[in-house]
Visitor: 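Below are the C-alpha coordinates for one structure; questions will follow.
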Amino acid sequence: MINKRLAVEVLSRDQHNISRSNMSVNAVKVLHRLNRAGYQAYLVGGGVRDLLLDQEPKDFDIATDATPEQIKDLFRNCRLIGRRFRLAHILFGREVIEVATLRGHHQETDTEKLAKQSDGGMLLRDNVYGTIDEDAERRDFTVNALYYNVADYSIIAYGGGIDDLEAGILRMIGDPETRYKEDPVRMLRAIRFATKLDMIMSPETEKPIKTMAPLLSSIPAPRLFEEYQKLFLSGKALANYHMLNEYNLFQQLFPVCADLLENNMQGKESALYQLVCKNTDLRLANDQRVTPAFIIAAFLWNPIEARAQAVMVEAELSYYDAMMVAMNDICDQQCRSIAIPKRFTSMARDVWHLQLRLPRRSGAKAFKLLTHPKFRAGYDLLLLRGEIEGGEVEELAQWWTTFQHTTETIQRDMVRKLGAPKKRRRAPKKKPRTPE
Ligand code: ATP
Ligand code: MG
(Lines give C-alpha, C1' and ligand atoms only; values in the text may rest on other atoms or scores of the structure.)
(Ligands and ions follow the chains in the order given, each with its own letter.)
Protein backbone atom coordinates (compact mmCIF):
# COMPACT_ATOMS: atom_id res chain seq x y z
CA MET A 1 0.00 0.00 0.00
CA ILE A 2 1.30 3.45 -0.87
CA ASN A 3 0.80 6.03 1.86
CA LYS A 4 2.62 9.05 0.52
CA ARG A 5 0.44 11.05 -1.85
CA LEU A 6 1.88 11.39 -5.31
CA ALA A 7 2.65 14.85 -6.60
CA VAL A 8 0.17 16.01 -9.27
CA GLU A 9 0.94 18.34 -12.13
CA VAL A 10 -1.53 19.58 -14.72
CA LEU A 11 -0.45 20.75 -18.14
CA SER A 12 -3.15 22.78 -19.83
CA ARG A 13 -3.96 22.38 -23.51
CA ASP A 14 -1.40 24.99 -24.61
CA GLN A 15 1.38 23.57 -22.44
CA HIS A 16 1.81 20.32 -24.33
CA ASN A 17 2.09 19.08 -27.90
CA ILE A 18 -0.50 16.30 -27.87
CA SER A 19 -3.22 16.60 -30.43
CA ARG A 20 -6.22 14.37 -31.05
CA SER A 21 -5.22 14.15 -34.70
CA ASN A 22 -2.32 11.89 -33.64
CA MET A 23 -4.62 9.54 -31.77
CA SER A 24 -6.58 6.64 -33.09
CA VAL A 25 -9.90 7.97 -34.43
CA ASN A 26 -11.68 5.20 -32.55
CA ALA A 27 -9.98 6.02 -29.26
CA VAL A 28 -11.10 9.63 -29.66
CA LYS A 29 -14.67 8.45 -30.35
CA VAL A 30 -14.69 6.36 -27.18
CA LEU A 31 -13.28 9.22 -25.10
CA HIS A 32 -15.95 11.64 -26.36
CA ARG A 33 -18.83 9.22 -25.96
CA LEU A 34 -17.85 8.47 -22.33
CA ASN A 35 -17.42 12.16 -21.64
CA ARG A 36 -20.79 13.10 -23.21
CA ALA A 37 -22.46 10.45 -21.06
CA GLY A 38 -21.16 12.31 -17.99
CA TYR A 39 -18.19 10.10 -17.15
CA GLN A 40 -14.56 11.06 -16.72
CA ALA A 41 -12.54 9.80 -19.67
CA TYR A 42 -8.78 9.80 -20.03
CA LEU A 43 -6.30 8.49 -22.52
CA VAL A 44 -3.73 6.95 -20.22
CA GLY A 45 -0.35 5.27 -20.00
CA GLY A 46 1.75 4.41 -23.04
CA GLY A 47 -0.54 6.30 -25.43
CA VAL A 48 0.13 9.65 -23.73
CA ARG A 49 3.78 8.85 -23.00
CA ASP A 50 4.60 7.93 -26.58
CA LEU A 51 2.74 10.91 -28.06
CA LEU A 52 4.69 13.25 -25.76
CA LEU A 53 7.88 11.60 -27.01
CA ASP A 54 6.74 12.00 -30.63
CA GLN A 55 6.57 8.23 -31.01
CA GLU A 56 3.72 6.23 -32.43
CA PRO A 57 1.80 4.52 -29.61
CA LYS A 58 1.31 0.77 -29.90
CA ASP A 59 -2.18 0.98 -28.49
CA PHE A 60 -4.52 3.51 -26.92
CA ASP A 61 -5.75 2.67 -23.46
CA ILE A 62 -8.56 4.57 -21.82
CA ALA A 63 -9.45 4.98 -18.16
CA THR A 64 -12.85 6.12 -16.92
CA ASP A 65 -14.93 6.27 -13.76
CA ALA A 66 -17.72 4.31 -15.51
CA THR A 67 -17.94 0.72 -14.29
CA PRO A 68 -17.52 -2.13 -16.79
CA GLU A 69 -21.31 -2.60 -16.85
CA GLN A 70 -21.91 1.11 -17.48
CA ILE A 71 -19.34 0.99 -20.31
CA LYS A 72 -21.12 -1.99 -21.80
CA ASP A 73 -24.43 -0.12 -21.72
CA LEU A 74 -22.86 2.72 -23.65
CA PHE A 75 -21.20 0.73 -26.46
CA ARG A 76 -22.89 -1.95 -28.53
CA ASN A 77 -19.49 -3.20 -29.77
CA CYS A 78 -18.23 -3.87 -26.24
CA ARG A 79 -17.02 -7.10 -24.62
CA LEU A 80 -16.13 -7.42 -20.95
CA ILE A 81 -13.05 -9.53 -20.37
CA GLY A 82 -10.66 -10.65 -17.63
CA ARG A 83 -10.99 -11.91 -14.11
CA ARG A 84 -7.85 -10.61 -12.51
CA PHE A 85 -8.54 -7.20 -14.04
CA ARG A 86 -12.04 -6.70 -15.43
CA LEU A 87 -11.81 -4.63 -18.56
CA ALA A 88 -13.99 -3.51 -21.42
CA HIS A 89 -12.85 -4.06 -24.97
CA ILE A 90 -14.52 -1.84 -27.54
CA LEU A 91 -14.17 -3.44 -30.94
CA PHE A 92 -13.79 -1.48 -34.16
CA GLY A 93 -13.04 -4.02 -36.86
CA ARG A 94 -9.50 -5.17 -36.08
CA GLU A 95 -8.78 -2.37 -33.66
CA VAL A 96 -9.54 -2.93 -29.99
CA ILE A 97 -9.75 0.00 -27.60
CA GLU A 98 -9.23 -1.11 -24.04
CA VAL A 99 -11.25 0.77 -21.43
CA ALA A 100 -10.52 0.21 -17.75
CA THR A 101 -12.36 1.56 -14.75
CA LEU A 102 -10.13 3.67 -12.49
CA ARG A 103 -8.62 1.37 -9.85
CA GLY A 104 -8.60 2.09 -6.11
CA HIS A 105 -6.80 0.72 -3.06
CA HIS A 106 -7.88 -2.42 -1.30
CA GLN A 107 -9.50 -2.23 2.11
CA GLU A 108 -9.43 -4.87 4.81
CA THR A 109 -13.17 -5.26 4.27
CA ASP A 110 -12.95 -6.08 0.55
CA THR A 111 -14.33 -9.46 -0.36
CA GLU A 112 -12.20 -11.96 -2.25
CA LYS A 113 -14.46 -11.41 -5.22
CA LEU A 114 -13.08 -7.92 -5.61
CA ALA A 115 -9.46 -8.25 -4.60
CA LYS A 116 -7.13 -11.00 -3.55
CA GLN A 117 -3.47 -11.10 -2.61
CA SER A 118 -1.23 -14.15 -2.21
CA ASP A 119 0.77 -14.80 0.96
CA GLY A 120 3.85 -13.45 -0.85
CA GLY A 121 2.10 -10.15 -1.59
CA MET A 122 1.18 -10.88 -5.21
CA LEU A 123 -2.05 -9.42 -6.50
CA LEU A 124 -4.30 -12.23 -7.68
CA ARG A 125 -7.40 -10.17 -8.27
CA ASP A 126 -7.76 -6.44 -8.51
CA ASN A 127 -11.23 -5.09 -9.13
CA VAL A 128 -11.59 -2.36 -6.55
CA TYR A 129 -12.56 0.89 -8.22
CA GLY A 130 -11.36 4.33 -7.17
CA THR A 131 -10.40 7.87 -8.10
CA ILE A 132 -7.89 9.06 -10.66
CA ASP A 133 -5.40 9.82 -7.84
CA GLU A 134 -5.66 6.27 -6.55
CA ASP A 135 -5.49 4.86 -10.05
CA ALA A 136 -2.22 6.72 -10.64
CA GLU A 137 -0.70 5.14 -7.53
CA ARG A 138 -1.49 1.72 -8.92
CA ARG A 139 0.34 2.29 -12.21
CA ASP A 140 3.87 1.03 -12.62
CA PHE A 141 6.17 3.90 -13.67
CA THR A 142 5.80 7.66 -13.35
CA VAL A 143 6.12 8.02 -17.14
CA ASN A 144 3.09 5.73 -17.42
CA ALA A 145 1.00 7.65 -14.91
CA LEU A 146 0.01 10.30 -17.44
CA TYR A 147 -3.64 11.07 -18.20
CA TYR A 148 -4.96 13.05 -21.14
CA ASN A 149 -8.29 14.47 -20.07
CA VAL A 150 -10.72 14.75 -22.98
CA ALA A 151 -12.93 17.19 -21.02
CA ASP A 152 -10.40 20.03 -21.30
CA TYR A 153 -7.51 18.47 -23.27
CA SER A 154 -5.15 18.85 -20.33
CA ILE A 155 -2.55 16.32 -19.20
CA ILE A 156 -2.54 15.24 -15.58
CA ALA A 157 0.84 13.83 -14.56
CA TYR A 158 1.61 12.01 -11.32
CA GLY A 159 4.84 11.50 -9.38
CA GLY A 160 6.85 13.85 -11.60
CA GLY A 161 6.13 11.86 -14.76
CA ILE A 162 6.74 14.81 -17.08
CA ASP A 163 10.14 15.62 -15.55
CA ASP A 164 11.13 11.95 -15.65
CA LEU A 165 10.07 11.74 -19.27
CA GLU A 166 12.22 14.72 -20.13
CA ALA A 167 15.19 13.44 -18.12
CA GLY A 168 14.82 9.89 -19.47
CA ILE A 169 14.34 8.31 -16.05
CA LEU A 170 12.24 5.23 -15.48
CA ARG A 171 10.98 5.43 -11.92
CA MET A 172 8.70 2.95 -10.20
CA ILE A 173 5.79 4.52 -8.36
CA GLY A 174 5.83 3.69 -4.62
CA ASP A 175 8.21 1.23 -3.01
CA PRO A 176 9.79 -0.80 -5.83
CA GLU A 177 10.21 -3.99 -3.76
CA THR A 178 6.54 -4.02 -2.77
CA ARG A 179 5.50 -3.27 -6.35
CA TYR A 180 7.66 -6.10 -7.76
CA LYS A 181 6.20 -8.46 -5.15
CA GLU A 182 2.67 -7.44 -6.12
CA ASP A 183 3.44 -8.14 -9.74
CA PRO A 184 6.87 -9.54 -10.69
CA VAL A 185 6.16 -8.86 -14.39
CA ARG A 186 6.91 -5.22 -13.60
CA MET A 187 10.60 -6.23 -13.58
CA LEU A 188 10.31 -7.30 -17.21
CA ARG A 189 8.40 -4.13 -18.00
CA ALA A 190 11.22 -2.08 -16.46
CA ILE A 191 13.72 -3.66 -18.84
CA ARG A 192 11.39 -3.31 -21.80
CA PHE A 193 10.69 0.39 -21.24
CA ALA A 194 14.34 1.16 -20.47
CA THR A 195 15.36 -0.16 -23.90
CA LYS A 196 12.27 0.94 -25.84
CA LEU A 197 12.34 4.50 -24.52
CA ASP A 198 16.11 4.67 -24.13
CA MET A 199 15.73 5.50 -20.46
CA ILE A 200 17.78 4.80 -17.37
CA MET A 201 16.15 3.13 -14.38
CA SER A 202 16.32 5.20 -11.20
CA PRO A 203 18.63 3.53 -8.62
CA GLU A 204 15.75 2.42 -6.32
CA THR A 205 13.87 0.98 -9.30
CA GLU A 206 16.90 -0.93 -10.50
CA LYS A 207 18.36 -2.17 -7.24
CA PRO A 208 15.97 -4.96 -6.19
CA ILE A 209 15.61 -6.60 -9.61
CA LYS A 210 18.65 -8.91 -9.60
CA THR A 211 17.66 -10.53 -6.32
CA MET A 212 13.91 -10.50 -6.91
CA ALA A 213 14.13 -12.01 -10.40
CA PRO A 214 13.21 -15.55 -9.18
CA LEU A 215 9.73 -14.26 -8.27
CA LEU A 216 8.89 -14.55 -11.95
CA SER A 217 8.53 -18.30 -11.46
CA SER A 218 5.12 -17.62 -9.90
CA ILE A 219 3.77 -15.95 -13.04
CA PRO A 220 1.46 -18.09 -15.18
CA ALA A 221 3.24 -19.30 -18.30
CA PRO A 222 0.68 -17.82 -20.76
CA ARG A 223 1.31 -14.32 -19.36
CA LEU A 224 5.05 -14.78 -19.78
CA PHE A 225 4.49 -15.73 -23.42
CA GLU A 226 2.86 -12.33 -23.93
CA GLU A 227 5.80 -10.61 -22.27
CA TYR A 228 8.28 -12.70 -24.25
CA GLN A 229 6.68 -11.45 -27.47
CA LYS A 230 6.83 -7.83 -26.37
CA LEU A 231 10.49 -8.21 -25.36
CA PHE A 232 11.72 -10.05 -28.44
CA LEU A 233 9.41 -8.96 -31.26
CA SER A 234 9.31 -5.20 -30.86
CA GLY A 235 12.60 -4.23 -32.45
CA LYS A 236 14.71 -4.22 -29.27
CA ALA A 237 15.42 -7.92 -28.89
CA LEU A 238 19.21 -7.56 -28.69
CA ALA A 239 19.16 -4.77 -26.12
CA ASN A 240 16.59 -6.69 -24.09
CA TYR A 241 18.62 -9.90 -24.31
CA HIS A 242 21.63 -8.12 -22.79
CA MET A 243 19.65 -6.40 -20.08
CA LEU A 244 17.63 -9.47 -19.15
CA ASN A 245 20.89 -11.33 -18.64
CA GLU A 246 22.39 -8.51 -16.64
CA TYR A 247 19.43 -8.60 -14.24
CA ASN A 248 19.15 -12.41 -13.94
CA LEU A 249 15.83 -12.33 -15.76
CA PHE A 250 16.75 -14.21 -18.94
CA GLN A 251 17.24 -17.41 -16.99
CA GLN A 252 13.73 -17.05 -15.60
CA LEU A 253 12.25 -16.89 -19.08
CA PHE A 254 14.55 -19.49 -20.63
CA PRO A 255 15.73 -21.82 -17.87
CA VAL A 256 16.76 -24.47 -20.41
CA CYS A 257 19.24 -22.03 -21.95
CA ALA A 258 20.54 -20.81 -18.61
CA ASP A 259 22.76 -23.82 -17.87
CA LEU A 260 24.60 -23.40 -21.15
CA LEU A 261 25.05 -19.68 -20.59
CA GLU A 262 26.30 -19.95 -17.02
CA ASN A 263 29.74 -18.40 -16.69
CA ASN A 264 30.00 -18.53 -20.44
CA MET A 265 28.52 -15.40 -21.91
CA GLN A 266 31.33 -15.44 -24.50
CA GLY A 267 30.43 -18.92 -25.77
CA LYS A 268 28.79 -20.03 -29.01
CA GLU A 269 25.35 -20.26 -27.35
CA SER A 270 25.25 -16.62 -26.37
CA ALA A 271 26.70 -15.71 -29.77
CA LEU A 272 23.78 -17.49 -31.47
CA TYR A 273 21.22 -15.82 -29.20
CA GLN A 274 22.68 -12.42 -29.95
CA LEU A 275 22.75 -13.09 -33.66
CA VAL A 276 19.11 -14.18 -33.79
CA CYS A 277 18.09 -11.13 -31.74
CA LYS A 278 20.05 -8.80 -34.01
CA ASN A 279 18.51 -10.41 -37.08
CA THR A 280 14.99 -10.11 -35.69
CA ASP A 281 15.54 -6.42 -34.94
CA LEU A 282 16.84 -5.89 -38.47
CA ARG A 283 13.91 -7.69 -40.03
CA LEU A 284 11.48 -5.52 -38.09
CA ALA A 285 13.36 -2.38 -39.08
CA ASN A 286 12.97 -3.48 -42.72
CA ASP A 287 9.27 -4.29 -42.30
CA GLN A 288 9.92 -7.99 -42.82
CA ARG A 289 7.77 -10.61 -41.15
CA VAL A 290 8.90 -12.14 -37.87
CA THR A 291 7.46 -15.04 -35.92
CA PRO A 292 7.78 -15.91 -32.23
CA ALA A 293 8.51 -19.48 -33.36
CA PHE A 294 11.84 -18.72 -35.03
CA ILE A 295 13.49 -17.14 -31.98
CA ILE A 296 12.24 -20.03 -29.83
CA ALA A 297 13.63 -22.50 -32.38
CA ALA A 298 17.00 -20.76 -32.38
CA PHE A 299 17.19 -20.32 -28.59
CA LEU A 300 16.40 -23.96 -27.91
CA TRP A 301 18.65 -25.46 -30.60
CA ASN A 302 21.82 -25.61 -28.47
CA PRO A 303 20.01 -26.99 -25.40
CA ILE A 304 18.46 -29.66 -27.64
CA GLU A 305 21.85 -30.65 -29.04
CA ALA A 306 23.32 -30.79 -25.55
CA ARG A 307 20.44 -32.88 -24.26
CA ALA A 308 20.71 -35.22 -27.26
CA GLN A 309 24.36 -35.91 -26.44
CA ALA A 310 23.34 -36.97 -22.95
CA VAL A 311 20.42 -39.06 -24.21
CA MET A 312 22.68 -40.88 -26.70
CA VAL A 313 24.84 -42.05 -23.83
CA GLU A 314 22.09 -42.71 -21.30
CA ALA A 315 19.61 -44.45 -23.58
CA GLU A 316 22.05 -45.80 -26.20
CA LEU A 317 20.09 -44.17 -29.00
CA SER A 318 21.31 -43.04 -32.41
CA TYR A 319 21.99 -39.32 -32.84
CA TYR A 320 18.75 -38.95 -34.83
CA ASP A 321 16.56 -40.71 -32.28
CA ALA A 322 18.28 -38.92 -29.39
CA MET A 323 17.53 -35.60 -31.10
CA MET A 324 13.84 -36.54 -31.32
CA VAL A 325 13.76 -37.30 -27.58
CA ALA A 326 15.68 -34.12 -26.78
CA MET A 327 13.32 -31.95 -28.85
CA ASN A 328 10.36 -33.21 -26.84
CA ASP A 329 12.13 -32.88 -23.50
CA ILE A 330 13.44 -29.38 -24.04
CA CYS A 331 10.24 -28.11 -25.61
CA ASP A 332 8.12 -29.45 -22.71
CA GLN A 333 10.53 -28.01 -20.17
CA GLN A 334 10.52 -24.59 -21.85
CA CYS A 335 6.72 -24.48 -22.04
CA ARG A 336 6.56 -24.64 -18.24
CA SER A 337 8.00 -21.12 -18.06
CA ILE A 338 6.65 -19.66 -21.30
CA ALA A 339 3.46 -21.24 -22.64
CA ILE A 340 4.28 -21.29 -26.34
CA PRO A 341 1.08 -21.92 -28.32
CA LYS A 342 1.05 -25.17 -30.26
CA ARG A 343 1.16 -23.52 -33.69
CA PHE A 344 4.53 -22.03 -32.77
CA THR A 345 6.04 -25.13 -31.15
CA SER A 346 5.05 -27.12 -34.21
CA MET A 347 6.81 -24.62 -36.45
CA ALA A 348 9.88 -24.76 -34.18
CA ARG A 349 9.84 -28.55 -34.50
CA ASP A 350 9.78 -28.24 -38.29
CA VAL A 351 12.80 -25.93 -38.09
CA TRP A 352 14.67 -28.43 -35.88
CA HIS A 353 13.78 -31.39 -38.09
CA LEU A 354 15.08 -29.43 -41.05
CA GLN A 355 18.46 -29.02 -39.33
CA LEU A 356 18.69 -32.81 -39.47
CA ARG A 357 17.40 -33.06 -43.02
CA LEU A 358 19.33 -30.24 -44.68
CA PRO A 359 22.64 -32.17 -44.70
CA ARG A 360 20.93 -35.01 -46.62
CA ARG A 361 20.77 -33.62 -50.11
CA SER A 362 21.52 -36.44 -52.53
CA GLY A 363 19.22 -37.88 -55.18
CA ALA A 364 15.93 -35.95 -55.29
CA LYS A 365 16.11 -34.91 -51.64
CA ALA A 366 17.47 -31.41 -52.13
CA PHE A 367 14.72 -30.57 -54.64
CA LYS A 368 12.10 -31.97 -52.32
CA LEU A 369 13.41 -30.00 -49.35
CA LEU A 370 13.07 -26.76 -51.32
CA THR A 371 9.32 -27.31 -51.41
CA HIS A 372 9.05 -27.91 -47.65
CA PRO A 373 6.68 -25.23 -46.28
CA LYS A 374 9.15 -24.27 -43.55
CA PHE A 375 12.28 -24.56 -45.71
CA ARG A 376 13.03 -20.85 -45.47
CA ALA A 377 12.97 -20.82 -41.65
CA GLY A 378 15.04 -24.00 -41.48
CA TYR A 379 17.59 -22.53 -43.88
CA ASP A 380 17.66 -19.26 -41.93
CA LEU A 381 18.59 -21.10 -38.73
CA LEU A 382 21.24 -23.08 -40.61
CA LEU A 383 22.72 -19.78 -41.85
CA LEU A 384 22.90 -18.36 -38.33
CA ARG A 385 24.40 -21.58 -37.00
CA GLY A 386 26.95 -21.54 -39.82
CA GLU A 387 27.95 -17.99 -38.98
CA ILE A 388 28.64 -19.02 -35.37
CA GLU A 389 29.96 -22.54 -35.77
CA GLY A 390 31.86 -22.21 -39.06
CA GLY A 391 33.28 -25.44 -40.54
CA GLU A 392 30.89 -28.00 -41.99
CA VAL A 393 27.76 -26.15 -40.91
CA GLU A 394 28.90 -23.00 -42.66
CA GLU A 395 29.80 -24.94 -45.80
CA LEU A 396 26.41 -26.59 -45.77
CA ALA A 397 24.65 -23.24 -45.41
CA GLN A 398 26.69 -21.88 -48.32
CA TRP A 399 25.77 -24.91 -50.43
CA TRP A 400 22.09 -24.19 -49.82
CA THR A 401 22.53 -20.52 -50.59
CA THR A 402 24.03 -21.36 -53.97
CA PHE A 403 21.53 -24.12 -54.65
CA GLN A 404 18.55 -21.79 -54.22
CA HIS A 405 19.86 -19.14 -56.53
CA THR A 406 21.13 -21.07 -59.50
CA THR A 407 19.78 -22.77 -62.63
CA GLU A 408 18.31 -26.24 -62.62
CA THR A 409 21.25 -27.59 -64.65
CA ILE A 410 23.73 -26.40 -62.07
CA GLN A 411 21.49 -27.62 -59.28
CA ARG A 412 21.53 -31.13 -60.81
CA ASP A 413 25.27 -30.91 -61.11
CA MET A 414 25.62 -29.86 -57.46
CA VAL A 415 23.55 -32.84 -56.34
CA ARG A 416 25.46 -35.24 -58.63
CA LYS A 417 28.75 -34.15 -57.06
CA LEU A 418 27.45 -35.23 -53.67
CA GLY A 419 27.40 -38.86 -54.80
CA ALA A 420 24.79 -41.57 -54.32
CA PRO A 421 22.28 -41.29 -51.46
CA LYS A 422 23.61 -42.76 -48.24
CA LYS A 423 21.52 -45.05 -46.08
CA ARG A 424 20.80 -43.62 -42.67
CA ARG A 425 22.69 -45.49 -39.99
CA ARG A 426 20.45 -46.62 -37.18
CA ALA A 427 21.61 -47.79 -33.79
CA PRO A 428 21.26 -51.55 -33.46
CA LYS A 429 17.86 -52.46 -32.09
CA LYS A 430 17.93 -53.46 -28.46
CA LYS A 431 16.97 -57.04 -27.83
CA PRO A 432 13.50 -57.24 -26.30
CA ARG A 433 13.71 -58.08 -22.65
CA THR A 434 12.60 -61.60 -21.96
CA PRO A 435 10.35 -62.06 -18.96
CA GLU A 436 12.07 -63.93 -16.16
P1 ATP B 1 3.23 -0.36 -24.62
O2 ATP B 1 1.77 -0.45 -25.01
O3 ATP B 1 4.05 0.50 -25.47
O4 ATP B 1 3.81 -1.68 -24.36
P5 ATP B 1 2.15 0.74 -22.20
O6 ATP B 1 2.76 1.59 -21.13
O7 ATP B 1 0.96 1.29 -22.90
O8 ATP B 1 3.30 0.36 -23.19
P9 ATP B 1 0.47 -1.46 -21.54
O10 ATP B 1 0.86 -2.84 -21.22
O11 ATP B 1 -0.29 -1.18 -22.78
O12 ATP B 1 1.82 -0.62 -21.52
O13 ATP B 1 -0.31 -0.90 -20.27
C14 ATP B 1 -0.99 0.34 -20.27
C15 ATP B 1 -0.79 1.06 -18.94
O16 ATP B 1 -1.31 0.26 -17.88
C17 ATP B 1 0.67 1.29 -18.57
O18 ATP B 1 1.15 2.48 -19.15
C19 ATP B 1 0.61 1.35 -17.07
O20 ATP B 1 0.18 2.62 -16.64
C21 ATP B 1 -0.47 0.35 -16.72
N22 ATP B 1 0.08 -0.99 -16.46
C23 ATP B 1 0.19 -2.02 -17.32
N24 ATP B 1 0.69 -3.10 -16.75
C25 ATP B 1 0.92 -2.79 -15.45
C26 ATP B 1 1.42 -3.49 -14.32
N27 ATP B 1 1.82 -4.74 -14.42
N28 ATP B 1 1.48 -2.83 -13.14
C29 ATP B 1 1.07 -1.55 -13.03
N30 ATP B 1 0.59 -0.83 -14.05
C31 ATP B 1 0.51 -1.43 -15.26
MG1 MG C 1 -0.15 0.35 -24.28
Side-chain angles (χ1 to χ4, degrees), residues 1-2 6 23-24 26-27 42-64 81-82 84-89 95-106 115 117 121-128 130 132-148 155-159 161 164-165 170-199 205 209 212 215-216 218-220 223-236 240 284:
M1 187 73 63
I2 301 146
L6 282 177
M23 292 176 200
S24 135
N26 294 321
Y42 308 96
L43 182 73
V44 64
V48 186
R49 179 198 69 212
D50 292 350
L51 287 177
L52 283 173
L53 290 173
D54 273 333
Q55 293 191 12
E56 200 182 323
K58 210 173 69 204
D59 41 32
F60 292 90
D61 296 319
I62 290 174
T64 175
I81 61 145
R84 194 169 155 275
F85 286 103
R86 271 197 103 207
L87 293 172
H89 273 180
E95 189 181 14
V96 179
I97 305 291
E98 199 167 279
V99 185
T101 308
L102 295 166
R103 292 287 188 283
H105 292 305
H106 306 160
Q117 206 156 12
M122 193 160 91
L123 283 176
L124 303 175
R125 200 160 305 143
D126 192 8
N127 286 315
V128 177
I132 179 173
D133 290 3
E134 288 169 332
D135 185 87
E137 291 172 5
R138 309 292 318 283
R139 301 218 164 240
D140 45 9
F141 303 100
T142 57
V143 294
N144 285 346
L146 304 170
Y147 299 73
Y148 173 86
I155 291 175
I156 310 169
Y158 287 85
D164 283 344
L165 202 66
L170 195 63
R171 191 188 310 277
M172 178 64 78
I173 292 174
D175 169 48
E177 278 192 35
T178 314
R179 306 299 315 280
Y180 293 140
K181 259 190 228 154
E182 277 174 3
D183 183 4
V185 166
R186 288 173 186 150
M187 294 186 274
L188 297 176
R189 291 174 62 84
I191 305 301
R192 183 159 68 82
F193 291 129
T195 59
K196 168 179 164 149
L197 306 170
D198 201 11
M199 287 187 167
T205 303
I209 299 184
M212 292 183 84
L215 289 185
L216 275 177
S218 59
I219 300 300
R223 187 163 175 224
L224 286 189
F225 178 71
E226 299 296 317
E227 294 303 320
Y228 151 76
Q229 294 202 85
K230 292 182 195 166
L231 284 159
F232 288 95
L233 298 172
S234 305
K236 292 282 181 183
N240 285 330
L284 284 164

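Remember, it's 1-based here, ligands and their atoms both numbered in the order they're listed.
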Visitor: Could you please tell me which protein N, O or S atoms lie under 2.8 Å from the Mg ion (ligand 2)?
Guide: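 Listed by chain and number, the nearby protein N, O or S atoms are D59 OD1.
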Visitor: Minimum distance, heavy atoms only, to atom 21 (C) of ligand 1: which one of E226, K58, E227, R139 is it?
Guide: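 Selected option, by shortest heavy-atom distance: R139.
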Visitor: Provide, to 0.1 Å, the distance between atom 19 (C) of ligand 1 and the closest protein heavy atom, together with that atom's residue and name.
Guide: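 Protein heavy atom at minimum distance: D140 OD1, 3.4 Å.
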Visitor: Locate the shortest heavy-atom distance separating A190 from Y180; write the atom from each residue and the value.
Guide: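 Heavy atoms only, the tightest pair is CB-OH, 4.4 Å.
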Visitor: Please identify which of these residues, R138, E134, E137, meets the side-chain hydrogen bond (donor to acceptor under 3.5 Å, both in side chains) condition with H105.
Guide: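 Going through R138, E134, E137 one by one, the side-chain hydrogen bond (donor to acceptor under 3.5 Å, both in side chains) with H105 is satisfied by E137 alone.
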Visitor: What pairs of donor and acceptor atoms, side-chain ones from residues 49-58 against any protein atom, are under 3.5 angstrom apart with sequence neighbours left out?
Guide:
residue	atom	partner	partner atom	Å
R49	NH1	N144	OD1	2.6

Visitor: E98: which residues meet the side-chain contact (heavy atoms from CB on, under 4.5 Å) condition with it, sequence neighbours left out?
Guide: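 So E98 forms a side-chain contact (heavy atoms from CB on, under 4.5 Å) with D61, L87, H89.
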Visitor: Write out the residue and atom name of the closest protein heavy atom to atom 2 (O) of ligand 1, then the distance separating them to 0.1 Å.
Guide: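 Here the nearest protein heavy atom works out to D59 OD1, 3.1 Å.
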Visitor: Under 4.0 Å from a heavy atom of R138: give me the atoms of ligand 1 that qualify, with their elements.
Guide: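 Matching atoms, with element in brackets: 29 (C), 30 (N).
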Visitor: Can F193 be said to touch ligand 1, with heavy atoms closer than 4.0 Å?
Guide: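 The answer is yes, since F193 has a heavy atom less than 4.0 Å from ligand 1.
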Visitor: Among all protein non-hydrogen atoms, which one is nearest to atom 3 (O) of ligand 1, and what is the separation to 0.1 Å?
Guide: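 Scanning the protein heavy atoms, the shortest distance from atom 3 (O) of ligand 1 goes to K196 NZ, 2.7 Å.
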Visitor: Is there a side-chain contact between V143 and M199 (heavy atoms, below 4.5 Å)?
Guide: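 They are in side-chain contact.
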Visitor: At less than 4.0 angstrom from any non-hydrogen atom of G45, what atoms of ligand 1 do you find?
Guide: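 Near G45, the atoms of ligand 1 are 18 (O).
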Visitor: Which protein non-hydrogen atom lies closest to atom 13 (O) of ligand 1, naming both residue and atom, and how far is it?
Guide: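 Nearest protein contact, heavy atoms only, for atom 13 (O) of ligand 1 is R189 NH2, 3.7 Å.
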Visitor: May I ask you to list the atoms of ligand 1 that are less than 4.0 angstrom from any heavy atom of G46?
Guide: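 The list of qualifying atoms is 5 (P), 6 (O), 7 (O), 18 (O).
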Visitor: Can you list the residues that meet the side-chain contact (heavy atoms from CB on, under 4.5 Å) rule with T142, with sequence neighbours excluded?
Guide: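 By the side-chain contact (heavy atoms from CB on, under 4.5 Å) rule, T142 matches D164, R171, I173.
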Visitor: So is R49 close enough to ligand 1, meaning a heavy atom under 4.0 angstrom away?
Guide: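 Yes, R49 has heavy atoms under 4.0 Å from ligand 1.
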Visitor: What atoms of ligand 1 come within less than 4.0 Å of a heavy atom belonging to R186?
Guide: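 Under 4.0 Å from R186, ligand 1 has these atoms: 26 (C), 27 (N), 28 (N), 29 (C).
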Visitor: Ion pair present between R179 and D183, side-chain N to carboxylate O less than 4.0 angstrom?
Guide: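 Result for this pair is no, no salt bridge flagged.
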Visitor: Which protein non-hydrogen atom lies closest to atom 27 (N) of ligand 1, naming both residue and atom, and how far is it?
Guide: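 Here the nearest protein heavy atom works out to D183 OD2, 2.8 Å.
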Visitor: Let me see the working for R103 and R139 under side-chain contact (heavy atoms from CB on, under 4.5 Å), right down to the final yes or no.
Guide: CA-CA 9 Å; R103 292 287 188 283; R139 301 218 164 240; over 6 Å; no
Visitor: Examine A145 against ligand 1 and note whether any of their N/O atoms are separated by less than 3.5 Å.
Guide: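 So ligand 1 has no N or O lying under 3.5 Å from an N or O of A145.
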Visitor: Which part of D61 is near ligand 1, with near meaning a heavy atom under 4.0 Å away: side chain, backbone, both or neither?
Guide: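 Answer for D61: side chain.
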Visitor: Do L6 and D133 touch side chain to side chain, with heavy atoms closer than 4.5 Å?
Guide: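 No, their side chains stay 4.5 Å or more apart.
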Visitor: E227 and K230: salt bridge (Lys or Arg N to Asp or Glu O under 4.0 Å), yes or no, with the steps?
Guide: CA-CA 5 Å; E227 294 303 320; K230 292 182 195 166; 3.8 Å; yes
Visitor: Report yes if the side chains of S234 and K196 come closer than 4.5 Å at any heavy-atom pair, otherwise no.
Guide: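 Not touching, per the 4.5 Å side-chain cut-off.
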Visitor: Scan side-chain atoms only and decide if Y42 and D135 contain a donor-acceptor pair under the 3.5 Å cut-off.
Guide: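 No, no side-chain donor-acceptor pair sits under 3.5 Å.
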Visitor: Taking the non-hydrogen atoms of V185, is any one of them nearer than 4.0 angstrom to ligand 1?
Guide: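 Contact absent.
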Visitor: If you take all heavy atoms of A63 and L102, which pair is closest and at what distance?
Guide: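 Distance-wise, the nearest heavy atoms are CB-CD2, 3.8 Å.
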Visitor: Would you find a donor on one side and an acceptor on the other, under 3.5 Å apart, between the side chain of Y148 and the backbone of G47?
Guide: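 Side chain of Y148 to backbone of G47: no pair is present.
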Visitor: Does some non-hydrogen atom of R192 fall short of 4.0 Å from ligand 1?
Guide: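 It does; at least one heavy atom falls under 4.0 Å.
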